[in-house]
Visitor: 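Quick one: this structure, given as structure tokens, is what I'll be asking you about.
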2 protein chains.
Amino acid sequence: MTDKQRHSWVSIRDSIREMILNSTYGPGDKLPRDEEFAARFGCARSTVHRAMRDLAQSGLVERRRKGGTMVRRDPVTRATLDIPITRLEVEQKGSTYGYQLIRQSVQPSSPAIMANFGLPEARPMLRVEALHLADSRPYIFEDRWICLETVPEITSVDLTRESANEWLVRNRPYSRCDLRLYARPGTPSDSEILQSSPGDALFVMERTTWIGDAPITSLCAVAHPGYQLFTRG
Amino acid sequence: MTDKQRHSWVSIRDSIREMILNSTYGPGDKLPRDEEFAARFGCARSTVHRAMRDLAQSGLVERRRKGGTMVRRDPVTRATLDIPITRLEVEQKGSTYGYQLIRQSVQPSSPAIMANFGLPEARPMLRVEALHLADSRPYIFEDRWICLETVPEITSVDLTRESANEWLVRNRPYSRCDLRLYARPGTPSDSEILQSSPGDALFVMERTTWIGDAPITSLCAVAHPGYQLFTRG
DNA sequence: TACATTAATATGTAGCTACATATTATTGTC
DNA sequence: GACAATAATATGTAGCTACATATTAATGTA
């Protein structure tokens with residue numbers, strides 16, 4: 001019963017997960033309190049707590065103060081995506097990275113961008129359209145809006161040499177990032193920029209970031225046909 | 001200096017992040033040890049540890065035993081995707097969910113599926129092709145392979161009533177999940193099943209799961225035109 | 001009964017100690 | 001100098017206590 005061996009929170013977590021898996025506790029059931037589990041396993045409450053926190057983060061259980069811990073009724077598949085700087089992504093594949101600034105201008109934020117940020121009124125932004133290349137072939141085209149109130153320094157960056165992607169990622173950590181992924185057919189404009197065929201299916205990543213409540217950047221990145229996004233192993 | 005107020009690990013984390021942000025510590029720099037930070041902030045090492053663990057998980061710093069903590073040289077945008085059971089996704093949008101089994105048969109795993117699982121030789125699998133509907137319109141088509149050695153019970157499940165997606169998610173937690181996302185043009189076969197136009201761009205999610213080293217399922221889910229995948233707020 | 005106040009309770013967090021573990025640095029030996 | 005054994009060191013984990021916080025349950029009062 002009261003074995004003295006140290007129990008790792010990982011093994012406790014796996015034990016509890018196993019119980020949920022083999023229906024000792026089913027979806028919607030309330031689990032025993034942490035203390036109860038601790039007594040049962042012969043470990044400290046903090047160890048059970050850590051195990052539970054992990055199970056909660058992975059989406060298997062749901063915890064609420066006083067309410068206790070419940071097995072989630074609707075489990076989710078939770079995956080972590082790593083989106084690196086485009087240059088590094090290209091170089092990691094063994095290709096030579098290239099970058100090309102297409103257009104850059106100060107504009108009031110468009111309605112779509114305001115919606116992304118949840119802004120009630122337009123703000124002055126720097127709009128940057130640029131193309132990332134892999135081995136001199138179009139890789140990702142990005143249409144980016146940068147909030148000038150939050151990132152005034154961007155106006156003094158030479159965006160013909162360094163991509164806004166890289167400068168921002170290195171200089172402006174964000175506290176919140178929204179991501180939207182979808183597919184859309186290539187337009188004639190895409191075909192021109194990405195050198196794709198008009199009928200191609202393009203992978204689109206829209207990304208919006210904030211620091212606190214202040215908007216940083218919102219961008220629409222369109223990848224070349226054949227692009228794939230992976231989760232990290 | 002030595003203020004007695006309690007410091008939350010969140011505020012410690014934000015302070016350290018702030019320092020990295022304002023270039024007190026730049027990319028590639030080594031940060032002070034946890035104890036040093038603890039003394040500086042006037043808090044316990046465990047609090048700094050928790051803050052650091054969070055920064056490491058978010059991809060801003062990298063930690064190694066004895067090696068200490070370093071600011072990552074190549075920051076990544078890290079996002080968490082929640083992929084719910086398709087039925088719940090549909091219902092959450094206020095639509096009526098429908099499900100239709102198209103085909104089901106026992107087959108040896110195809111080379112593509114073996115590659116997904118990293119299997120050296122073929123194994124017997126149950127291949128299930130099914131269509132998820134929202135308001136009687138095609139929503140997601142899935143072509144799924146289920147490993148019969150790992151999940152023998154699946155043969156006794158009536159897949160005309162319950163989707164394999166739902167049964168597996170409720171009965172077979174996984175320990176590892178690989179995800180691959182991309183866009184591809186709709187084929188004539190897609191057009192028929194998803195009632196899409198031949199030129200449409202389709203969003204594809206490939207998902208492969210294991211329990212331990214044992215393969216569970218590998219599937220290719222093709223969404224209707226216009227489908228979008230979000231990160232959770 | 002309706003509603004505000006209070007108590008009870010389970011999880012969340014901060015701080016401490018002790019030890020485990022991985023990795024680097026040092027030292028010893030040939 | 002090459003290489004193995006050893007020491008030093010920073011992070012990782014387990015266990016404990018005490019208190020914070022959110023939420024439900026119970027109680028009191030108009």
Side-chain angles (χ1 to χ4, degrees), chain A residues 1-20 24-25 27-73 175, chain B residues 1-20 24-73:
Chain A
M1 294 302 138
T2 51
D3 28 5
K4 274 285 172 47
Q5 59 166 340
R6 310 268 277 190
H7 296 274
S8 79
W9 67 268
V10 174
S11 72
I12 299 291
R13 180 200 62 189
D14 291 346
S15 297
I16 297 174
R17 204 207 328 251
E18 179 62 25
M19 283 191 249
I20 294 170
T24 305
Y25 303 105
D29 284 0
K30 195 173 154 186
L31 293 182
R33 351 193 300 266
D34 292 6
E35 260 180 351
E36 165 71 22
F37 265 129
R40 217 182 287 182
F41 286 117
C43 69
R45 177 166 83 93
S46 52
T47 308
V48 176
H49 179 68
R50 227 174 303 187
M52 284 298 198
R53 224 188 354 164
D54 195 72
L55 289 173
Q57 189 180 332
S58 76
L60 189 60
V61 304
E62 206 169 352
R63 315 194 86 202
R64 270 160 53 205
R65 287 186 180 177
K66 164 74 180 176
T69 307
M70 279 178 46
V71 180
R72 274 189 70 142
R73 202 174 288 278
S175 55
Chain B
M1 292 297 137
T2 51
D3 29 4
K4 276 282 172 50
Q5 61 165 341
R6 297 204 135 202
H7 297 273
S8 79
W9 66 269
V10 175
S11 72
I12 299 290
R13 179 200 62 189
D14 291 346
S15 298
I16 297 174
R17 185 172 26 213
E18 179 63 24
M19 283 190 247
I20 294 170
T24 306
Y25 304 104
D29 284 0
K30 195 174 153 185
L31 292 181
R33 352 193 299 266
D34 293 5
E35 259 180 352
E36 164 71 22
F37 266 130
R40 218 184 284 182
F41 287 118
C43 69
R45 176 166 84 91
S46 53
T47 308
V48 175
H49 179 69
R50 226 173 304 186
M52 285 296 198
R53 221 183 3 157
D54 195 72
L55 289 173
Q57 189 179 333
S58 76
L60 189 59
V61 303
E62 207 168 352
R63 315 194 86 202
R64 270 160 55 206
R65 286 185 180 179
K66 164 74 181 176
T69 309
M70 279 179 44
V71 181
R72 275 189 69 141
R73 202 175 289 278

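Note that the coordinates shown come from a computational prediction; the quantities given were computed from them, not determined experimentally. A note on names: the letters A, B, ... follow the listed sequences, proteins ahead of strands, and every chain is numbered from 1.
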Visitor: Once you round it to whole Å, what is the distance between C1' of D/dT13 and CH2 of A/Trp9?
Guide: 10 Å

Visitor: Got a second to check how far B/Leu60's CG is from B/Ile20's CD1, nearest 0.5 Å?
Guide: 4.0 Å

Visitor: Roughly how many Å is it from CZ in B/Phe37 to C1' in D/dA10, rounded to a whole number?
Guide: 14 Å

Visitor: Taking only residues two or more places apart in sequence, or in another chain, which ones meet B/Glu36 in a side chain to side chain donor-acceptor pair (under 3.5 Å)?
Guide: B/Arg40

Visitor: How long is the span from the CZ atom in A/Arg72 to the CE atom in A/Met70, to the nearest 0.5 Å?
Guide: 10.0 Å

Visitor: D/dA8 C1' sits how many Å from B/Arg33 CZ, rounded?
Guide: 12 Å

Visitor: Nearest 0.5 Å please: distance from the OG1 atom of A/Thr24 over to the CG atom of A/Leu31.
Guide: 10.0 Å

Visitor: Once you round it to whole Å, what is the distance between C1' of C/dT23 and NZ of B/Lys30?
Guide: 11 Å

Visitor: State, to 0.1 Å, how close B/Arg73 and B/Gly28 come at their nearest heavy-atom pair, and which atoms those are.
Guide: NH2-CA, 3.6 Å

Visitor: With the threshold set at under 4.0 Å for non-hydrogen atoms, list the residues of residues 64-71 of chain B touching DNA chain D in residue-number order.
Guide: B/Arg64, B/Arg65, B/Lys66, B/Gly68, B/Thr69

Visitor: How close or far is atom C1' of C/dA14 from atom CD1 of B/Ile12, stated in whole angstroms?
Guide: 11 Å

Visitor: Send over the distance from A/Glu35 CD to C/dG12 C1', rounded to a whole Å.
Guide: 13 Å

Visitor: Check the distance between D/dT11's P and B/Ile16's CD1 and give it to me in whole angstrom.
Guide: 11 Å

Visitor: May I have the distance from B/Arg13 (atom CZ) to C/dT13 (atom P), rounded to whole angstrom?
Guide: 11 Å

Visitor: Which dot-bracket string describes DNA chain D (Watson-Crick N1-N3 plus N6-O4 or O6-N4, or G-U N1-O2 and O6-N3, all under 3.5 Å; [ ] crossing; | other strand)?
Guide: ||||||||||||||||||||||||||||||

Visitor: For residues 44-54 of chain B, which residues have at least one heavy atom under 4.0 Å from DNA chain C?
Guide: B/Ala44, B/Arg45, B/Ser46, B/Thr47, B/Arg50

Visitor: Nearest 0.5 angstrom please: B/Lys30 NZ to B/Glu62 CD, how far?
Guide: 13.5 Å

Visitor: Quick one: are B/Val61 and B/Tyr25 in side-chain contact, heavy atoms under 4.5 Å?
Guide: no

Visitor: Name each donor-acceptor pair under 3.5 Å that joins a side chain in residues 41-56 of chain A to protein atoms two or more places apart or in another chain, with its distance.
Guide:
| unit_1 | atom_1 | unit_2 | atom_2 | d |
| --- | --- | --- | --- | --- |
| A/His49 | ND1 | A/Arg63 | NH1 | 3.3 |
| A/Asp54 | OD2 | A/Arg13 | NH1 | 2.8 |

Visitor: With sequence neighbours excluded, tell me which residues meet side chain to side chain donor-acceptor pair (under 3.5 Å) with B/Arg64.
Guide: none

